[in-house]
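These values consider heavy atoms only, across backbone and side chains, with no hydrogens, waters or symmetry-generated copies. Counting starts at 1 for both ligands and their atoms, in listed order. Just so we're clear, the structure is a prediction, and the values are computed from it rather than from any experiment.
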Amino acid sequence: MKPATERRPPDAAASVRTSPSLALVKYWGKKRGGRNLPATTSLAVTLAGLDTRTLVRVAAPDEGDAVRVGGELQDTARYAPFFDEARRLFRSPLRFAASSENSFPSSAGLASSSSGFAALALGCAALSGLGDGPDTDALASEAARLGSASASRAVYGGFTLLPAGARRAEPLEGPEYWPDFRVVVALATRDKKSESSRGAMELTRTGSPYYAPWVRDARKVSREALAAFRDRDAQKLGDLMRLSYLRMHASALAAEPPVLYWLPASVTLIRACAALRARGIGAWETMDAGPQVKVFCLAPELAAVEAALREASPACELIVTKPGPGPDLRRGQEIGAGAGSEGR
Ligand code: 2P0
């Protein structure tokens, strides 16, 4: 068998489709040392149907790295640690220019940075001459972490784990592992979030008396959630998911200044899930750095869950998703029609 990281003739461009990584158990806070290493273990699912499409090309000799999202040029400083790490890991002297579009609202608590940096990392790896395979994925996961730790998970489809302190994520199982697994994403708003997750987790680390207890407690929650996942025990996993996001948000709320992402609609949706569970219907919500509520349920109960959420909050758009496949990468001339809509 050929080594997975065998170098191949470099391509001048690559198009990558990825999907966001939703944490069932949360990463919130970083280890000290500035390398974007997570302080807590996260267990996540890559969502089907929410897509990021990124076209990466080799920049001209007189150009620097540049990224556009939805046509908007992004802050170079935000991307510099990622590009520097990508060049180091991929042993590449290149500069990169990327253009990315999301099929869902960006910076609204739907983990667009996870799919965005994952796509960028895979595209840069391809242009650096790395072949397809698990070793390339592992290097891309490590580079993506410098952009956004959750992006190290989005390099894979299905279910993933990013252990506390780890440099890269681990693929756990493909989407076929749990065929009935569904997530209903309820959009409380399409607006951009009030505070970046990076800023908010730093405020929590430096300004919340509950940060250290959160990190300590998260070890037990993630261990038990992984066991529940291994047993495909929806009830147990759902209960632990709820503990994880509620404790994450509790630690953030207690920061000075406080971090409050919830909107009235978020609370309405949380209460609708509680009412479903009181009726014996499995519906376990989670929230990230934003007001959106994501509800885990099993396929046989999906219709009841959707109906209850719609009735509770008719103005909220619902997106039904499930565990998705891994990224799709097309190199050079294979890009074809898919990349034509990306505005370059
Ligand atoms: C997660 N979130 O595990 C957690 C739960 C939001 C809440 O990862 O600072 O964009 O760029 O590494 O990955 C969102 O934060 O943060 C996130 P950085 P990231 O999905």
Side-chain angles (χ1 to χ4, degrees), residues 18-47 50 52 67 69 74-75 77-82 85 102 106-121 141-156 159-169 183 185 192-206 211 214-215 218 221-222 225 240-253 259-262 266 285-294:
T18 51
S19 293
S21 167
L22 169 69
L24 307 173
V25 170
K26 307 299 183 188
Y27 145 57
W28 192 251
K30 300 167 198 298
K31 297 261 190 202
R32 285 162 199 241
R35 298 288 292 161
N36 213 30
L37 294 165
T40 61
T41 295
S42 50
L43 168 65
V45 59
T46 299
L47 297 177
L50 300 178
T52 294
V67 177
V69 178
Q74 303 294 296
D75 176 17
R78 171 76 181 84
Y79 284 78
F82 161 79
E85 184 72 347
N102 294 314
S106 308
S107 306
L110 293 177
S112 58
S113 69
S114 69
S115 46
F117 277 106
L120 201 52
S141 175
E142 189 167 339
R145 189 199 82 240
L146 265 290
S148 266
S150 53
S152 63
R153 304 184 311 235
V155 161
Y156 302 103
F159 298 90
T160 58
L161 188 75
L162 177 62
R167 288 183 297 143
R168 47 179 77 156
V183 175
V185 178
K192 289 202 188 304
K193 59 192 171 194
S194 48
E195 174 80 55
S196 78
S197 37
R198 181 160 292 193
M201 68 175 85
E202 199 49 19
L203 276 178
T204 309
R205 188 178 71 77
T206 56
Y211 178 71
W214 146 253
V215 171
V221 172
S222 59
L240 289 157
M241 279 173 55
R242 295 187 59 248
L243 283 186
S244 179
Y245 96 88
L246 288 165
R247 289 175 183 176
M248 173 199 125
H249 281 267
S251 71
L253 265 174
V259 177
L260 172 59
Y261 283 117
W262 299 13
S266 319
E285 81 284 359
T286 185
M287 291 179 67
D288 295 291
Q292 327 301 5
V293 178
K294 297 108 182 194

Restricting to non-hydrogen atoms, name the atom on [X] and the atom on [Y] that form the minimum distance, rounded to 0.1 Å.
X: Asn36; Y: Arg145; value: ND2-O, 2.6 Å
X: Thr46; Y: Ser19; value: CG2-O, 3.7 Å
X: Ser266; Y: Met287; value: CB-CE, 3.8 Å

Could you tell me, atom by atom, which parts of ligand 1 come under 4.0 Å of a heavy atom of [X]?
X: Arg198; answer: 9 (O), 11 (O), 12 (O), 18 (P)
X: Met201; answer: 15 (O), 16 (O)
X: Ala23; answer: 1 (C), 3 (O), 20 (O)
X: Gly147; answer: 11 (O)
X: Lys26; answer: 5 (C)
X: Met248; answer: 7 (C)

Could you tell me if any non-hydrogen atom of Met287 lies under 4.0 Å from any atom of ligand 1? no

N or O contact, [X] vs ligand 1, cut-off under 3.5 Å:
X: Lys30; answer: yes
X: Ser21; answer: no
X: Ala149; answer: yes
X: Ser197; answer: yes
X: Tyr27; answer: yes

Rounded to the nearest 0.5 Å, the CZ atom of Arg35 sits from the CG atom of Leu146 at a distance of 5.0 Å

So does Ala151 get a backbone contact from the side chain of Ser114, meaning a donor-acceptor N/O pair under 3.5 Å? no

Is the backbone of Val215 close enough, under 3.5 Å, to the side chain of Arg247 for a donor and an acceptor to pair up by distance?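 Answer holds: no.
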
Side chain to side chain, [X] and [Y], heavy atoms closer than 4.5 Å:
X: Val183; Y: Leu22; answer: yes
X: Leu37; Y: Arg167; answer: yes
X: Pro38; Y: Lys26; answer: no

Under 4.0 Å, heavy atoms only, figure out whether ligand 1 is touched by the backbone of [X], its side chain, both or neither.
X: Arg153; value: side chain
X: Arg145; value: neither
X: Arg78; value: side chain
X: Asn36; value: side chain
X: Ser113; value: side chain

Pairing donors with acceptors under 3.5 angstrom, does anything connect the side chains of Ser42 and Arg153?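 Short answer, yes.
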
Please evaluate residues Glu285 and Tyr245 with respect to the criterion side-chain contact (heavy atoms from CB on, under 4.5 Å), reporting the C-alpha separation (whole Å), side-chain torsions for both, the decisive distance (0.1 Å), and the verdict. CA-CA 9 Å; Glu285 81 284 359; Tyr245 96 88; 2.5 Å; yes

Taking only residues two or more places apart in sequence or in another chain, which ones pass ring pair (Phe, Tyr, Trp, His ring centres under 6.0 Å) with Tyr156?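 By the ring pair (Phe, Tyr, Trp, His ring centres under 6.0 Å) rule, Tyr156 matches no residue at all.
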
Name the option, out of [options], that contains the heavy atom nearest to [atom].
atom: atom 13 (O) of ligand 1; options: Ser42, Gly29, Ser150; value: Ser150
atom: atom 11 (O) of ligand 1; options: Ser152, Ser114, Ser148; value: Ser148
atom: atom 7 (C) of ligand 1; options: Leu162, Thr40, Asp288, Val25; value: Asp288

